[in-house]
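What you are looking at is a predicted structure, and each value in this text was computed from that prediction instead of being measured. Below, chain A is the first sequence line, B the second, and so on; all start at residue 1.
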Amino acid sequence: MSISKTYLPQETEEKWYSYWLKHDFFKSVPDEREPYTVVIPPPNVTGVLHMGHMLNNTIQDVLVRRARMKGKNACWVPGTDHASIATEAKVVAMLKERGISKKDLTREEFLAYAWEWKEKYGGIILDQLKKLGASCDWDRTRFTLEDDLSEAVIDTFIHLYKKGLIYRGVRMVNWDPQGKTAVSDEEVIRKEVNQKLYYIRYKVVSSESEVSSPDYLTIATTRPETIMADAAICINPNDERYFYLHGKKVLIPLINREIPVILDEYVTMDFGTGCLKVTPAHDLNDYELGQKHNLPVIDILNDDGTLNEKAQILVGEDRFAARKKIAALLEADGYLDKIEDYKSQIGFSERTDAVIEPKLSMQWFCKMTEMAQPALDYVLKGEIKLIPDKFTNTYRYWMENVKDWCISRQLWWGQRIPAWYLPNGQFVIAKSKEEAFEEAKTKSHGISIDELVQEEDVVDTWFSAWLWPISVFDGFKDPNNADINYYYPTNDLVTAPEILFFWVARMIMAGHEFRGEAPFKNVYLTGIVRDKLGRKMSKSLGNSPDPLALIEKFGADGVRVGMLLCSPAGNDLMFDESYCEQGRNFANKIWNAFKLVKGWEVDEKLESANAVAIEWFESRFNQALTEIEGNFTQFRLSEALMSTYKLVWDDFCAWYLEMVKPAYQQDVEKQAIDSETYSATVRFFENILKILHPFMPFITEELWHDDLFGARQELDCCIVAQLPKGGQINTRLLDEVEIVKQIITQVRNIRNAKQISPKEKLGLSVKANSQVDYKGYELIITKLANTNALDFVSDKLAQAAGFMVSTDEFYVPLEEKIDPVEECARLQKEKDYLTGFLKAVNSKLGNERFMANAKPEIIEVELKKKADAEAKLNIIEEGLTALAC
RNA sequence: GGGAGUUUAGCUCAGCUGGUUCAGAGCAUCUGCCUUACAAGCAGAGGGUCACUGGUUCGAACCCAGUAACUCCCA
């Protein structure tokens, strides 16, 4: 291995990913080990990798790799989602470019194009994940629209229908006039929009005798184009202004249709004019009001959002064009009172961005209440943990107020609903036309199979996604197969909080319904990746970096570290390239530490001089191991990474390696080192590679195979190495080394302040008052602070820069005179601080209520504080006296 | 309109049961260094009214009430 000056990711990533694949390290088959299972949240099959995926999959890969290195049988199942609306929209757009309209195609022809599209673009996102280092078992790659998974969808549909949980009904749905399909509430994005409020006069129909009251009323609406669908005008029965309207009828302007005035307290008296036009076909609240008052439903819109013949006027116009035109018509005929600006929330389709139209239509629904209860219980009882747990509240609220799920979509790209209609309008639910025919015969004698017509609609994409943790293991086709029995329930699910409800919650329902068991144990909810300014990264804003370009620039390891550094659990993360830069720099640091060790040559004749340093790092490593383990248990991944980062950079590189590295020898190619230090360092390095591997798989695998670590068997790889087990932690040693570090820092400080070169050796005298045996640390101190051997003294040194660490006094003799005034000031400052500190401690200890209420260990701490401060203060006093300040 | 969350250094965040030597990291900043692993680096330093106001407590970044700003969810 040639050692370049910096780490070059491009040269290693491809090599090792292929190597891992070739040796089936990602592959999992059931065995006697404990399984660790993760199913990927399947990305859209036609999508490309964005920063959200990067974060999500980095986290999954870290968890999976760590589990693998803990001896578990790790299985990460990849796959893609057919994403019916999004994909169909893309296919329609592609066809349009080729001059083909969906309208002119049969279902089969369209699907052929769609599959062609899928084959062409379907694998892209998975290939991108490989660049990131994702250790998925690619042999298990599934697709939500493949035959087996589709069959599972149909079977569950039939199962739920038979159980009475699926029904067909007329409902007000969110209609996307551009996609020409119903979309779920979750796929509607509400945005505040500037609108106009039109005040329109309706003529009151009156008998000739009454002329005392105004002969019209005024309503306010944002949707004048729907007046032709009005079924009534509603007023609040308590509204004194309108008592005269009770029992009256009015005429709809322009078309002069007569509609009644109805009374309902639903109407807010102080909004608009207090008169509400009731349009049951085009507004959810109006629909409910209409049901209550038995009003007719007049739907004046076509599926594409144009007006139909029921509107009588402006037939064929788009709803927005019609709005403008009707305003002009009303104006011309004197029906338009005024127009005001008005802000309100409007729903937009998540997929097509079209304004959602509330529309009554016949749809298929899945009842939720019954399934929601057990799904809620899993979370409330803690059998499924949401991380962070603040989401538990939101989850509960949603599950307690769950609405039936509209599962039909007016699309072709998806699983077609297994309903067959008879000529008489009845339908049967069956897996195949033949089975449907058998059942149809019992309903309608003499029917022929050709008369059966299958439902045109497909099911909502989530109706296949909710089965994912079961269907990827063929749990429907073969409910007792070895895989499902072994891997299910899975362990951790890593996903975005945005889909907690329409995916996670429903998977829990499906898990309970079809397996009687929750589908996973932990749900780790990542934040949304935002840019530095806090804006969500999106294609339209153009603020999302290209993930592959980032990998190109900083290396996959660097990007993985970068993603994790800024990703506290559940909080959004403000992504910035500089995090990846930090990741890259870290990789480079590891690389260079390796270069240092690589440059050593064992000299058997040398005595080991580093026993203390070795024992210290061993303890420090074991301590960090415990911290890291704790962080992982709590899913604090960025903290686990930070602990690892500091262990490697600070403790290993900045302290340990500096302590043990051979002093510079001129004209020597390889630095000589004793065998004990060498083997300990190599062992430490190997352990460091192990704990780094889940975060930085490529560089660690690369270094793992260097002959520094001896000859490796073909299958002896870092990816399957077992994480080091914790060992002894010598806390006294750890504490004392902290003191030693302070001494070194203080000496370096003096150097800095006095502008003395690091190359110049200094003297160092110790007046030890504590129990610390500095003799044992002498080598470390003299080496890192570049001083002569310690001079143990019993008196203060004049003509020296002094400092205190704990209660011990240190002096660095200097040639230049120490300014006694300056020295006095330094001591005085320290004395002032300690006096104040001591005062606070004493007042605490003198407080009866503190002594009565505080826990004994707290009091003990305070007593120790007091003793330490007093001891230190004494020494300072002595110093002050000696200087005669 | 209802609900949830957030607010700690220039930035991103820790701070776990209210109690260790005046609140901690990382990055950024400043100063000095191209010191034979690393300038993608080394050594050192500075930086805080813990959003605000009150309360509880011997003791509050932490508990309670209110206020403000921001974010998200639901209508």
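Interface remark: the A:Arg748 side chain does not form any donor-acceptor pair with the B:A43 base, using a distance-only criterion of under 3.5 Å. The base of B:C38 lies close enough to the side chain of A:Lys589 for a donor and an acceptor atom to sit less than 3.5 Å apart. Between the side chain of A:Gln671 and the base of B:A37 there is no donor-acceptor pair of N/O atoms closer than 3.5 Å.
Counting only Watson-Crick and G-U wobble pairs whose two distances sit under 3.5 Å, RNA chain B takes part in these stems of three or more pairs: B:1-7 with B:68-74, B:10-13 with B:24-27, B:29-33 with B:41-45, B:51-55 with B:63-67.
Side-chain proximity of A:Lys595 to B:A37, B:G26, B:C22: nearest is B:A37. Checking B:A14, B:A4, B:C73 against every side-chain atom of A:Phe501, the shortest atom distance belongs to B:C73. Taking the side chain of A:Trp649 as heavy atoms from C-beta on, and the options B:G41, B:C16, B:C38, the nearest nucleotide is B:G41. The side chain of A:Lys403 approaches B:A75 more closely than any other nucleotide in the set B:A75, B:A4, B:A40. Closest to the A:Asn588 side chain, of the nucleotides B:A40, B:A37, B:U20, is B:A40. Checked against B:G15, B:C38, B:A45, the side chain of A:Arg636 finds its nearest nucleotide in B:G15. For A:Asn749, counting side-chain heavy atoms from C-beta on, the closest listed nucleotide (B:A45, B:C22, B:A14) is B:A45. Considering only the side chain of A:Asn585, B:A40 comes nearest among B:A40, B:U12, B:A37. Taking every side-chain heavy atom of A:Met642 into account, B:G26 is the closest of B:U20, B:A39, B:G26. Checking B:C73, B:C38, B:C27 against every side-chain atom of A:Tyr645, the shortest atom distance belongs to B:C27.
Nucleotides B:G46 and B:C27 are separated by 16 Å at their C1' atoms, to the nearest Å. Here the separation of B:C62 from B:G19, taken at their P atoms, is 11 Å to the nearest Å. For the P atoms, the distance linking B:U29 with B:A68 amounts to 38 Å, nearest Å. Rounded to the nearest Å, the gap between the P atom of B:A61 and that of B:G18 is 13 Å. With both ends at atom C1', the span from B:U31 to B:U36 equals 25 Å, rounded to whole Å. Annotation: B:G15 and B:A9 have their P atoms spaced 15 Å apart (nearest Å).
A salt bridge is absent between A:Lys864 and A:Glu860; no separation between the charged side-chain nitrogens and carboxylate oxygens falls under 4.0 Å. Between A:Glu862 and A:Lys866 there is no salt bridge, since no side-chain nitrogen of the basic residue lies less than 4.0 Å from a carboxylate oxygen of the acidic one. With salt bridges taken as basic N to acidic carboxylate O contacts below 4.0 Å, one links A:Asp707 and A:Lys598. Ion pairing of A:Asp651 with A:Lys741 is present here, as a side-chain N (NZ or NE/NH1/NH2) and a carboxylate O approach within less than 4.0 Å.
Counting non-hydrogen atoms of neighbouring residues, nucleotides and ligands closer than 6.0 angstrom, the NZ atom of A:Lys385 reaches no more than 12 such neighbours.
Shown here for A:Ala869 and A:Leu838, the closest heavy-atom pair between the two residues is CB-CD1, 3.7 Å.
The main-chain N or O of A:Glu577 is never found under 3.5 Å from a side-chain atom of A:Lys553 such that the two would form a donor-acceptor pair. Between the A:Asn847 side chain and the A:Ser843 main chain, no donor and acceptor come within less than 3.5 Å of each other.
Contacts of A:Trp600 with the nucleic acid, taken as non-hydrogen atoms under 4.0 Å apart, are absent. Residue contacts for A:Asn401: at a heavy-atom cut-off of 4.0 Å it reaches no nucleic acid atom on any strand shown. Among the protein residues, A:Glu860 comes within range of no part of the nucleic acid, since none of its heavy atoms lies under 4.0 Å from any strand. Contacts of A:Lys661 with the nucleic acid, taken as non-hydrogen atoms under 4.0 Å apart, include base atoms. Using a 4.0 Å heavy-atom criterion, one finds that A:Phe586 contacts no nucleic acid atom at all.
Close to B:G18, at under 4.0 Å from its OP1 or OP2, lies no side-chain N or O of A:Lys855. For B:A45, neither phosphate oxygen OP1 nor OP2 lies less than 4.0 angstrom from any side-chain nitrogen or oxygen of A:Asn752. Here A:Thr745 does not reach the OP1 or OP2 of B:A43: none of its side-chain N or O atoms lies under 4.0 Å away.
Looking at which nucleotide of RNA chain B each of A:Lys872 and A:Ala593 is closest to, the 5′-most match is held by A:Lys872.
Counting only N and O atoms by type, the side chains of A:Thr681 and A:Tyr656 include a donor and acceptor under 3.5 Å apart. At a cut-off of 3.5 Å, with distance as the only test, no side-chain donor of A:Thr835 or A:Asp832 sits close to an acceptor on the other residue.
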Report all interatomic pairs (protein N or O, nucleotide N or O of nucleotides 57-61 of chain B) with separations under 3.5 Å.
| from | atom 1 | to | atom 2 | distance (Å) |
| --- | --- | --- | --- | --- |
| B:C58 | OP1 | A:Arg849 | NH1 | 3.0 |
| B:C58 | OP2 | A:Arg849 | NH1 | 3.3 |
| B:C58 | OP2 | A:Arg849 | NH2 | 3.4 |
| B:C58 | O2' | A:Asn847 | ND2 | 3.0 |

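Tested against A:Tyr678 for a side chain to side chain contact (heavy atoms under 4.5 Å, CB included), the candidates A:Ile673, A:Val660, A:Asn610, A:Asp603 yield a single pass: A:Ile673.
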